[in-house]
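Reading through the structure tokens given below for one structure.
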There are 2 protein chains.
Amino acid sequence: MNEMNATQALVASEVSRERGIDRVLKLFAYLNTRGQPVRVADLPKALGAPRSTIYEIVRVLAESGMLEISSDDNKVYFGRAMYLYGISYFRGNDLIRRGSREVDALSKLTGESSELCMLNRNRQAVVHTHPGTRPMRIVSEAGSQWPLPWTASGRLFLSHMSEIEIRELIQPEDLILPDRRVVDINEFIGECVAARDKSIVITRGLINNFSQCLAVPIFGLDGDVQATICFVLPIDLTDAQRAVVQEELISSGRKLSMQGHDR
Amino acid sequence: MNEMNATQALVASEVSRERGIDRVLKLFAYLNTRGQPVRVADLPKALGAPRSTIYEIVRVLAESGMLEISSDDNKVYFGRAMYLYGISYFRGNDLIRRGSREVDALSKLTGESSELCMLNRNRQAVVHTHPGTRPMRIVSEAGSQWPLPWTASGRLFLSHMSEIEIRELIQPEDLILPDRRVVDINEFIGECVAARDKSIVITRGLINNFSQCLAVPIFGLDGDVQATICFVLPIDLTDAQRAVVQEELISSGRKLSMQGHDR
DNA sequence: GACGGGTGTCCGATATATCAGACTGACCCC
DNA sequence: GGGGTCAGTCTGATATATCGGACACCCGTC
């Protein structure tokens, strides 16, 4: 804005005090990535925050029910209030409600694992899952979040972005797959662009070498990809087997995208 | 601590500045009681907070996904992140998971509306519901919270508290029913104490004059009431009809209370 | 087109929340 | 029992987040 008042600009850069709200948001995000209760004593290191601050914040959040502290080992995790607010969101969100039902129906119909996913900043959030009847373990858990280059849905979410937007969104570490292989960013962008015209995107062996992911877009009223609905399948299905479930999936995607349904 | 430095003691009492975190928690609670998107412009009045503060807080929370702002009319409500964190809690919480399944099963079996409820501070939180097949509208929505004197579950939640604890917890306004009748606090305390030995508590015509509520306790390992599972029934059922579903409900409560199941 | 009510943004002042660090007590290992 | 590591609490100092109020804007109504 102005280059005149550089009086405290130099001094300020060193010492930095962070807002309580920001610490809270980082704390939530951290708990979510961990996916299980975390010792309060570990949080200061993990979040790069002073101990006194963390203890105070945790106390306030636990009092309000946003977090819960297990009395024996002093671990914190999300609390009842978070859940209640979460289902309030769910109630108000038609797409998630309908999509979750559709996921359940798809899994019961086909016996395969399916998921409803949404874009959350630069991550794919798994909003709802239903395990299949196969002995294979389901790949992702509800609430978990994944780098976009790892998933078929990721290509769909980025399909209507420009190359520049995609490059901005994707962090270098997102391109590293679980087995340390690195996704080429240009190839990835190409796949995103290609996804624009497709009714289904399939990726194989990205997250592990024994599964493939089939994802179809769910379009909003203005033609953007609001969510995806996916199958997680063993990689060695025959084409015929895949074709069957694929048709069901595409039809579910169409149904959820259907426009003009009111309320 | 010291009576000497009263220099700013007088001045400070008037003006009071509130923490961001506390404002955030109040904001969440307010949104939850409203149960639907709220105009940002209304929040300062509703929360007794300065406008500049609210706009800033809402901006930060919306950026992080805890809240969502509808672009057209600038209303806020809970966001995706809240939901994701909420289901993370759900995943880690055995009781809610099993209880929700049981509620669904009960409703399908009997055709009646049923709910899973938990105590949240001095409110009864409706954690999960399943509507019945009757034409009657379900009484409460998932995520909503009710004063304890209004409900059968309320009596169970307080059944192991002392009279003094109950008096502290119950606010005067909680005793006013929707139709302006006032619950007598002493009678209420008597009902709470009486609930201690009962396997089921029934209240009739409290929230409205056409329904009754049947609630059974779900006990934790240490014998406290961790949650309740309830039916909401028309008030004019015959005793025989009620006896049938009542047995199912009690059996569900026993099953969920079952101790010694590990993991 | 003047007026009034309401919405959203911006800015400087100051009350205070955050921070660093000291302190206590528990626990373990040698 | 001495020494080291770690968990949790407490306190005073200060960087800054909150606040009040001014401002610009929109949109009705008269």
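Values below: every heavy atom of this structure, side chains too, minus hydrogens, waters and symmetry copies. In what follows, every chain begins at residue 1, and chains take the letters A, B, ... in the order their sequences are listed.
Using a 4.0 Å cut-off between charged side-chain N and carboxylate O, B:Glu56 and A:Arg19 make a salt bridge.
Note: OH (A:Tyr55) to P (C:dC19) measures 15 Å, nearest angstrom. The CD1 atom of A:Ile69 sits 15 Å away from the P atom of D:dA7 (whole-angstrom rounding). Regarding B:Asn74, its CG atom lies at a distance of 17 Å from the P atom of C:dG6, rounded to whole Å. A straight line from CG of B:Asp22 to C1' of C:dT18 spans 14 Å, rounded to a whole angstrom. The separation between A:Ile54 atom CD1 and C:dT18 atom C1' is 11 Å, rounded to whole Å. Between B:Asp73 atom CG and C:dG8 atom C1' the separation is 15 Å, expressed in whole Å. Distance B:Lys75 NZ to C:dG8 C1': 17 Å, rounded to the nearest Å. Regarding A:Ile57, its CD1 atom lies at a distance of 16 Å from the C1' atom of D:dT9, rounded to whole Å.
Checking D:dT18, D:dA7, C:dT7 against every side-chain atom of A:Arg19, the shortest atom distance belongs to D:dT18.
Of all the residues in residues 43-52 of chain A, A:Arg51, A:Ser52 reach under 4.0 Å from DNA chain D with at least one non-hydrogen atom.
Each of A:Val40 and B:Glu18 was assigned the nucleotide of DNA chain D with the nearest heavy atom; the assignment lying further toward the 5' end belongs to A:Val40. Position along DNA chain D of the nearest nucleotide to A:Ala41 versus A:Ile21 favours A:Ala41 as the more 5'-ward residue.
Among B:Arg167, B:Arg121, B:Arg123, the single residue meeting the salt bridge (Lys or Arg N to Asp or Glu O under 4.0 Å) criterion with B:Asp174 is B:Arg123. Here the rule is side chain to side chain contact (heavy atoms under 4.5 Å, CB included) with B:Val58, and of B:Ile54, B:Leu61, B:Val60 only B:Ile54 fits it.
A donor-acceptor distance shorter than 3.5 angstrom exists from the side chain of B:Arg155 to the backbone of B:Pro149, with no hydrogens or angles considered.
Judged by distance alone with a 3.5 Å cut-off, a donor-acceptor contact links the side chain of B:Arg17 to the base of C:dT14.
Contacts of A:Glu56 with the nucleic acid, taken as non-hydrogen atoms under 4.0 Å apart, are absent.
B:Val127 has its side chain out of reach of B:Val103: every pair of non-hydrogen atoms, C-beta onward, lies at least 4.5 Å apart.
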